[in-house]
**Student:** 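Pasting a structure below so you can have a look.
Heavy atoms only: backbone and side chains are in, while hydrogens, waters and symmetry mates are out. Quantities reported herein were computed from a predicted structural model and do not represent experimental measurements.
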Amino acid sequence: MENFWGRRFAALLVDIVIVTLLLWIISSLIFLLMAGLGIFSVLNYWIFIGAILIIVYFTYMEGKTSTTLGKRLFKLKVKAKGGDMNYKTAFIRNLSKILWVPLIVDVILGFIFVDSNDRILDKVSGTCVVNVEEQG
């Protein structure tokens with residue numbers, strides 16, 4: 001895939017599929033626990049668990065390896081401009097991924113205010129996404 005943003009979007013879709021599968025597994029286990037205890041009053045717990053799982057997945061993967069499974073598949077890597085990636089930097093750059101609207105706003109603001117292929121939270125966190133081949 002030649003288009004950089006196309007590769008980033010495809011990598012995000014792969015990561016979303018992975019997080020969704022994890023969410024299904026966790027939801028199934030929680031539902032079994034809730035059904036066993038007879039607690040059915042809280043049925044929208046998955047929204048909160050999903051948000052936590054998204055932040056944990058992206059923060060852990062990018063903080064530890066500078067990439068996610070989707071980014072690795074499309075040969076992309078997150079690079080910290082001030083040194084090595086860490087969990088704090090990864091957490092900041094992924095805050096907008098909790099919901100679709102903040103992520104779309106993040107991308108749009110990145111196109112408006114940042115003169116590269118970065119989202120606005122990439123600029124705030126001091127990171128950028130690069131092609132693995134170009135990084136060398």
Side-chain angles (χ1 to χ4, degrees):
M1 207 180 271
E2 295 292 323
N3 183 342
F4 183 74
W5 277 101
R7 289 173 56 204
R8 284 185 74 172
F9 182 71
L12 179 63
L13 288 178
V14 169
D15 290 328
I16 287 171
V17 168
I18 292 166
V19 169
T20 301
L21 291 174
L22 291 171
L23 183 60
W24 283 349
I25 292 167
I26 292 169
S27 289
S28 297
L29 295 174
I30 290 175
F31 180 77
L32 289 174
L33 178 66
M34 288 173 53
L37 296 174
I39 304 170
F40 293 103
S41 61
V42 182
L43 297 177
N44 289 326
Y45 62 88
W46 62 270
I47 295 171
F48 303 107
I49 293 173
I52 292 168
L53 187 60
I54 288 168
I55 286 295
V56 167
Y57 171 78
F58 283 99
T59 299
Y60 176 76
M61 293 296 292
E62 291 178 0
K64 184 171 177 80
T65 65
S66 296
T67 189
T68 61
L69 297 174
K71 285 183 183 74
R72 187 174 299 147
L73 182 65
F74 289 95
K75 296 180 175 40
L76 298 170
K77 186 175 184 177
V78 180
K79 184 177 177 185
K81 296 175 183 174
D84 293 330
M85 278 295 292
N86 58 44
Y87 294 113
K88 179 182 175 187
T89 304
F91 177 78
I92 293 169
R93 79 173 299 277
N94 288 302
L95 281 173
S96 67
K97 290 181 182 169
I98 292 176
L99 298 171
W100 283 101
V101 173
L103 181 59
I104 292 169
V105 171
D106 188 15
V107 171
I108 291 170
L109 291 176
F111 279 128
I112 294 170
F113 295 111
V114 181
D115 57 352
S116 63
N117 286 325
D118 299 329
R119 299 178 292 126
I120 197 72
L121 283 180
D122 283 325
K123 183 174 177 124
V124 169
S125 65
T127 60
C128 63
V129 177
V130 297
N131 291 312
V132 173
E133 296 93 14
E134 292 175 6
Q135 185 183 4

**Student:** Ile52: which other cluster members, linking ILVMFWY side chains closer than 4.5 Å, directly or transitively?
**Tutor:**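 ILVMFWY cluster around Ile52 also holds Val56.
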**Student:** Got a sec, which pairs hit side chain to side chain donor-acceptor pair (under 3.5 Å) with one end in residues 16-35, sequence neighbours left out?
**Tutor:**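 Applying side chain to side chain donor-acceptor pair (under 3.5 Å) to every pair that reaches into residues 16-35, excluding sequence neighbours, yields nothing.
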**Student:** Among all residues two or more places apart in sequence or in another chain, which pass the side-chain hydrogen bond (donor to acceptor under 3.5 Å, both in side chains) test with Trp5?
**Tutor:**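 Scan of Trp5 (side-chain hydrogen bond (donor to acceptor under 3.5 Å, both in side chains), adjacent residues dropped) gives Asn117.
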**Student:** Look at the side-chain heavy atoms of Ile, Leu, Val, Met, Phe, Trp and Tyr, link any pair under 4.5 Å apart, and say whether Val101 and Leu109 land in one connected group.
**Tutor:**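 Same cluster: Val101 reaches Leu109 through Ile, Leu, Val, Met, Phe, Trp or Tyr contacts under 4.5 Å.
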**Student:** Measure the CD1-CZ distance between Ile108 and Phe111 for me, rounded to the nearest 0.5 Å.
**Tutor:** 9.0 Å
**Student:** Please report the closest heavy-atom contact between Leu23 and Leu53, naming both atoms and the distance.
**Tutor:**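 So the two residues come closest at N-CD2, 3.6 Å.
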**Student:** Could you state the interatomic distance from CD1 (Ile18) to CG (Leu69), rounded to the nearest 0.5 Å?
**Tutor:** 4.0 Å
**Student:** Does NZ in Lys81 sit with more than 12 non-hydrogen atoms of other residues, nucleotides or ligands closer than 6.0 Å?
**Tutor:** yes
**Student:** Is there a side-chain contact between Thr127 and Lys79, using heavy atoms and a 4.5 Å cut-off?
**Tutor:** no
**Student:** Testing Asn94, Thr68, Thr67 one by one against Glu62 for a side-chain hydrogen bond (donor to acceptor under 3.5 Å, both in side chains), which residue passes?
**Tutor:**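 When side-chain hydrogen bond (donor to acceptor under 3.5 Å, both in side chains) is applied between Glu62 and each of Asn94, Thr68, Thr67, only Asn94 qualifies.
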**Student:** What pairs meet the salt bridge (Lys or Arg N to Asp or Glu O under 4.0 Å) rule with one or both residues in residues 8-28, with sequence neighbours excluded?
**Tutor:** Arg8-Asp122
**Student:** Could you tell me whether the side chain of Phe4 reaches within less than 4.5 Å of the side chain of Val129, counting heavy atoms only?
**Tutor:** yes
**Student:** Among all residues two or more places apart in sequence or in another chain, which pass the side-chain hydrogen bond (donor to acceptor under 3.5 Å, both in side chains) test with Asp106?
**Tutor:** Ser96, Arg119
**Student:** Where do Ile98 and Ala51 come nearest, in terms of heavy atoms and distance?
**Tutor:** CG2-CB, 3.5 Å
**Student:** Got a sec, which residues hit side-chain hydrogen bond (donor to acceptor under 3.5 Å, both in side chains) with Lys123, two or more places apart in sequence or on another chain?
**Tutor:** none
**Student:** Would you say OH of Tyr87 has more than 12 non-hydrogen atoms from neighbouring residues, nucleotides or ligands within 6.0 angstrom?
**Tutor:** yes
